[in-house]
Amino acid sequence: MKKRAKQLIERALSNAIQAGKISTDPIPPLVFEVPKDASLGDLATPIAMAMARTERRPPRAIAGDIAACIDDAEGWLASAEVAGSGYLNLRFHPRFWHRCVDEVLAGEHGPAAIGAGSRVLVEFVSANPTGPLTVGHGRNAVLGDSIARLLEATGHEVTREYYFNNAGRQMKLLGESVRARSLALLGAEAEFPEGGYQGDYIADIAARLVAERGAALRQETGVGVFKDAAEKSIFADIRATLERLAIKFDRYFNEDTLYADGRIDATLQELRDRDLAFDRDGAVWLRGERLGLDKDRVLVKSSGEPAYRLPDIAYHRDKLARSYHRNVLVLGADHIAEHQEVLAALRGLGYATESIHGIIYQFVTLTRGGVQVKMSTRRAEYVTVDELVDDVGSDVVRFFFLTRKADSHLEFDLDLAKKQSADNPVFYVQYAHARVCSVEKQAASQGLSFALGGDELQRLEAPEEVAVVRLLAQFGDVVEEAAAALEPHRVVFYLIDLAAEFHRFYNRNRILVDDHELATARYFLAQATKLVIADGLELLGVGAPESM
RNA sequence: GCGCCAGUAGCUCAGGGGAUAGAGCAACGGCCUUCUAAGCCGUGGGUCGCAGGUUCGAAUCCUGCCUGGCGUACCA
């Protein structure tokens with residue numbers, strides 16, 4: 001919708017310049033907004049107000065000149081009026097709306113391929129394989145996957161990647177925890193490690209291992225067998241959980257490969273070569289001040305083990321070497337500092353980091369009975385994604401996580417999600433889709449069939465009918481803007497608006513009326529709505545049920 | 001102390017230079033002999049955290065302050 005308006009006004013502006021009516025150079029950005037009050041028109045631009053100063057004329061006069069220069073040969077506009085303190089308000093002609101419905105029915109309503117030719121890596125989840133995915137990981141997973149869907153829908157070539165932290169101290173601790181539980185099952189003395197993982201899943205893994213290997217485990221001196229079993233088991237569980245949310249990755253990048261092929265050492269050496277790393281107290285440090293950080297940070301602990309940030313830097317070097325046009329990564333708010341360190345180190349190594357877009361989402365607050373629930377994976381105090389999906393289903397979980405922008409804290413009220421799931425707006429949107437399907441069934445059972453032959457859509461004259469079309473026409477704009485901003489929540493709010501307009505239309509008008517021409521017009525309006533809702537829900541990874 | 005994010009209706013949140021600030025939930029009152037009432041219509045509800053500043057115009061941008069979350073680990 002905005003695309004058409006933009007073409008018209010851009011041409012009007014150049015006409016006005018040629019006619020000597022406007023001299024501002026350069027012209028300020030041409031933006032359109034949908035007026036809150038539909039009586040003001042379908043689209044408005046404050047461009048004249050933005051030029052008032054340089055033109056040294058009242059905005060209304062400038063807007064009038066632009067309006068007079070509009071060359072609308074195809075007749076899309078019904079009017080272009082100057083309003084308020086200098087808005088130029090456009091109102092589309094009914095034939096424009098009919099065209100929009102036609103486009104939806106023909107499947108031509110989607111966003112433009114603004115990302116054509118652009119290769120994008122989306123890294124998300126990247127949870128350590130030390131336990132089940134929790135609510136916080138759920139937000140990450142759903143956000144990342146929906147961002148990837150938006151990018152794909154706008155023509156980007158997307159790779160979904162999970163950075164698998166299967167190296168380091170936490171994994172060792174995980175192995176020790178399993179070892180302790182296993183030996184206990186075999187009746188041997190085993191001290192549970194300090195700060196070890198206490199979840200039931202550890203005992204389950206130990207039980208399976210004992211069943212498989214028996215008493216031979218008592219001879220295991222290392223932790224390797226236990227760690228490998230735990231990693232394999234937990235990884236399988238994580239994958240299964242993600243699949244329940246309809247999330248699949250194209251690639252799992254294993255952290256241990258960075259150790260195996262020497263890239264950790266190579267990265268450290270390059271940092272040293274550039275004097276960005278130095279030794280102190282038996283550890284190797286990243287030189288903070290030179291990189292614009294507030295202090296020095298440990299790269300290699302005095303124990304000889306790299307701290308987490310060194311492999312992270314090496315991993316990002318690998319990503320950049322793969323030359324994606326954009327590198328999106330989804331991170332919890334607790335990783336902000338680390339993200340800044342990685343970016344600083346990369347710049348210090350001479351890399352351009354403009355392609356990296358970190359989406360930092362704020363924490364999920366979990367409340368139960370109005371009281372906040374504190375979570376800790378190690379103490380096994382958490383609510384898992386699996387539990388949520390068990391209780392309310394994948395659609396509700398996904399939709400819920402996407403109804404807030406990443407910057408906002410998200411309160412997940414467990415009581416509300418579990419007991420009153422029918423109040424969730426996801427049903428409101430899905431219901432609109434199901435209602436259209438119901439109308440289709442009803443029509444079929446009555447032996448009615450509809451076809452668009454010519455002017456039927458002209459019968460869509462009621463305000464609530466036009467209001468639905470106006471929203472349908474915005475779908476492409478919304479998806480493009482959501483993809484550009486990497487903000488799936490825009491699609492969520494759009495769908496709620498569209499569902500609301502459809503329900504209003506549905507309640508005020510019967511679709512299958514005796515007047516066949518009118519019934520045809522309404523039937524296809526409903527069809528178009530159904531198609532757009534299904535497309536929108538698909539972007540969110542939420543199903544569009546045919547009946548509810 | 002420093003850094004990032006947030007503060008908008010009773011609650012949860014959209015809007016993030018532009019027209020009279022919106023939605024859902026909660027409260028109250030209406031609407032099913034007719035395509036799904038998981039719906040619709042109506043009513044009430046606001047110092048947009050506070051104070052300055054920039055601007056023709058500020059919930060929106062800038063500065064300071066207050067409150068909350070998260071960081072500020074030789075945890076990841």
Side-chain angles (χ1 to χ4, degrees), chain A residues 31 33 35-37 40 44-46 49-50 52-53 58-59 83-87 89 126-128 130 165 168-171 173 195 255 280-285 293-295 297-309 311-312 332-340 360-363 365 367 370 377-378 403-413 416 420-432 434-443 445-446 448 464 489-490 492-493 496-497 499-500 502-513 519 522-523 526 547-548:
Chain A
V31 294
E33 58 193 62
K36 278 168 273 194
D37 183 350
L40 293 170
T45 177
M49 289 185 266
R53 170 166 288 195
S85 47
Y87 279 100
N89 291 356
S126 298
N128 293 350
T130 54
N165 293 93
R169 201 175 78 85
Q170 293 303 319
M171 291 307 293
L173 192 57
E255 181 188 6
R280 185 171 72 202
D281 304 332
V284 185
W285 297 72
L293 302 171
D294 59 341
K295 55 175 103 163
R297 306 283 169 173
V298 168
L299 288 167
V300 182
K301 295 180 257 183
S302 53
S303 66
E305 288 178 298
Y308 59 89
R309 59 179 67 82
D312 281 359
D334 54 338
H335 287 74
I336 293 177
E338 181 237 349
H339 181 55
Q340 296 305 328
I360 313 275
Y361 64 93
Q362 296 298 313
F363 269 30
T365 317
T367 57
T377 304
R378 282 183 226 169
T403 49
R404 275 136 189 97
K405 63 182 174 191
D407 284 340
S408 285
H409 290 269
L410 191 158
E411 181 175 324
F412 206 122
D413 185 330
L416 189 76
Q420 303 183 3
S421 57
D423 289 337
N424 194 298
V426 66
F427 294 111
Y428 184 79
V429 175
Q430 290 179 321
Y431 188 51
R435 272 184 149 173
V436 178
C437 294
S438 176
V439 171
E440 288 171 18
K441 282 180 208 134
Q442 186 68 27
S445 74
Q446 292 179 21
L448 298 171
E464 62 271 18
H489 78 276
R490 296 184 190 219
V492 172
F493 286 92
I496 291 172
D497 284 347
F502 177 77
H503 287 311
R504 188 170 300 133
F505 155 73
Y506 184 92
N507 270 275
R508 289 186 188 168
N509 306 281
R510 192 177 161 77
I511 294 171
L512 304 176
V513 290
R522 288 179 177 164
Y523 184 84
S547 67
M548 293 175 69

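Since the structure is predicted, the reported quantities are computational estimates derived from the model, not experimental observations. Chain letters run A, B, ... following the sequence lines, proteins first, then strands; residues in each count from 1.
- Inter-residue side-chain proximity for A:R309 and A:V298 is flagged as met; some heavy-atom pair is nearer than 4.5 Å.
- Nucleotides B:rC50 and B:rA59 are separated by 11 Å at their P atoms, to the nearest Å.
- For A:I496, counting side-chain heavy atoms from C-beta on, the closest listed nucleotide (B:rC75, B:rA23, B:rC40) is B:rA23.
- Of the two residues contacting RNA chain B, namely A:A333 and A:N128, the nearest-nucleotide position lying further toward the 5' end is that of A:A333.
- Taking only distance into account, the side chain of A:N89 meets the base of B:rA19 through a donor-acceptor pair shorter than 3.5 Å.
- Side-chain proximity of A:Q362 to B:rA76, B:rG69, B:rU12: nearest is B:rG69.
- One can place CG of A:L512 at 5 Å from C1' of B:rC35, the figure rounded to the nearest angstrom.
- Look at the P atom in both B:rG39 and B:rU54: the space between them is 49 Å, to the nearest Å.
- Distances were taken from every side-chain heavy atom of A:A44 (C-beta onward) to each of B:rA19, B:rC13, B:rC40; the shortest belongs to B:rA19.
- In this structure, A:N507 atom CG and B:rC41 atom P are separated by 7 Å, rounded to whole Å.
- For the atom pair A:R522 CZ and A:N509 CG, the distance stands at 4.0 Å (nearest 0.5 Å).
- Look at A:T403 and you won't find any side-chain N or O under 4.0 angstrom from OP1 or OP2 of B:rA14.
- For the atom pair CG (A:D407) and CD (A:Q362), the distance works out to 6.5 Å, reported to the nearest 0.5 Å.
- Ring geometry for A:F502 versus A:Y506: interplanar angle of 30 to 60°, hence tilted.
- B:rC61 is paired with B:rG53 under the criterion used here, namely a Watson-Crick or G-U wobble arrangement in which both key atom distances are under 3.5 Å.
- B:rC28 and B:rC13 have their C1' atoms separated by 23 Å, given to the nearest Å.
- No N or O donor and acceptor, one from the side chain of A:Y431 and one from the base of B:rA38, sit under 3.5 Å apart.
- Between B:rG71 and B:rG64, the two C1' atoms lie 23 Å apart (nearest whole Å).
- Nucleotides B:rA51 and B:rU47 place their C1' atoms 13 Å apart, quoted to the nearest Å.
- Spacing of C1' atoms, B:rU12 relative to B:rG7, comes out at 14 Å, to the nearest Å.
- Proximity note for A:K295 (side chain, C-beta onward) versus B:rA14, B:rU72, B:rC35: the nearest is B:rU72.
- Relative to the side chain of A:R435, the nucleotides B:rC56, B:rA37, B:rA38 differ in distance, and B:rA37 lies closest.
- Taking 4.5 Å as the limit, every side-chain heavy atom of A:H339 sits out of range of all side-chain heavy atoms of A:H335.
- Side-chain atoms of A:S302 and base atoms of B:rC74 include a donor and an acceptor less than 3.5 Å apart.
- Both distances falling under 3.5 Å, in either a Watson-Crick or a G-U wobble arrangement, place B:rG39 opposite B:rC31.
- Following rounding to the nearest Å, A:I360 (CD1) and B:rA6 (P) show an atom-to-atom distance of 12 Å.
- Residue A:A337 places its side chain closer to B:rG71 than to any other of B:rC35, B:rG39, B:rG71.
- Nucleotides B:rA38 and B:rC25 are separated by 14 Å at their C1' atoms, to the nearest Å.
- When distances run from any side-chain atom of A:R53 to the nucleotides B:rA19, B:rU55, B:rC70, the shortest one goes to B:rU55.
- Here the nucleotide nearest the side chain of A:H409, chosen from B:rC74, B:rA76, B:rG69, is B:rG69.
- Side-chain contact between A:S547 and A:K441 is present, with at least one heavy-atom pair separated by less than 4.5 Å.
- A:H489 comes within 4.0 angstrom of the backbone, heavy atoms only, and of no base.
- Look at CG on A:D407: it is 7 Å from P on B:rC5, rounded to the nearest Å.
- The side chain of A:R510 sits closest to B:rU34 out of B:rC75, B:rU34, B:rC56.
- Although no hydrogens or angles enter the test, the distance criterion places a donor-acceptor pair under 3.5 Å between the side chain of A:H503 and the main chain of A:Y428.
- Distance CG (A:L410) to C1' (B:rC13): 10 Å, rounded to an integer number of Å.
- Contact of A:K405 with B:rG16 (side chain to base): a donor-acceptor pair of N or O atoms is detected under 3.5 Å.
- Taking CG of A:L40 as the start and CD of A:E33 as the end, the distance is 10.0 Å to the nearest 0.5 Å.
- Nucleotide B:rG16 has no partner under the Watson-Crick or G-U criteria, as no pair reaches both atom distances under 3.5 Å.
- Looking at which nucleotide of RNA chain B each of A:Q446 and A:L40 is closest to, the 5′-most match is held by A:L40.
- A:D281 comes within 4.0 angstrom of a nucleotide base, judged by non-hydrogen atoms across all strands.
- In this structure, B:rA6 forms a base pair with B:rU67, meeting either the Watson-Crick or the G-U wobble geometry with both donor-acceptor distances under 3.5 Å.
- The base-pairing partner of B:rU72, taking Watson-Crick or G-U wobble contacts with both distances under 3.5 Å, is B:rG1.
- The distance from atom CD1 of A:I336 to atom P of B:rC5 is 7 Å, rounded to the nearest whole Å.
- Residue A:A83 has its side chain nearest to B:rA19 when only B:rC70, B:rA76, B:rA19 are considered.
- B:rC31 adopts an anti glycosidic conformation, its chi angle falling more than 90° from 0.
- If you take CZ of A:R404 and P of B:rU12, they are 10 Å apart, rounded to a whole angstrom.
- In this structure, the OH atom of A:Y428 is 9 Å from the C1' atom of B:rC40, given to the nearest Å.
- B:rA21 is unpaired under the criterion used here, namely a Watson-Crick or G-U wobble arrangement in which both key atom distances are under 3.5 Å.
- For B:rU60 and B:rG3, the C1' atoms lie 23 Å apart once the distance is rounded to whole Å.
- Note that CZ of A:F493 is 9.5 Å distant from NZ of A:K405, once rounded to the nearest 0.5 Å.
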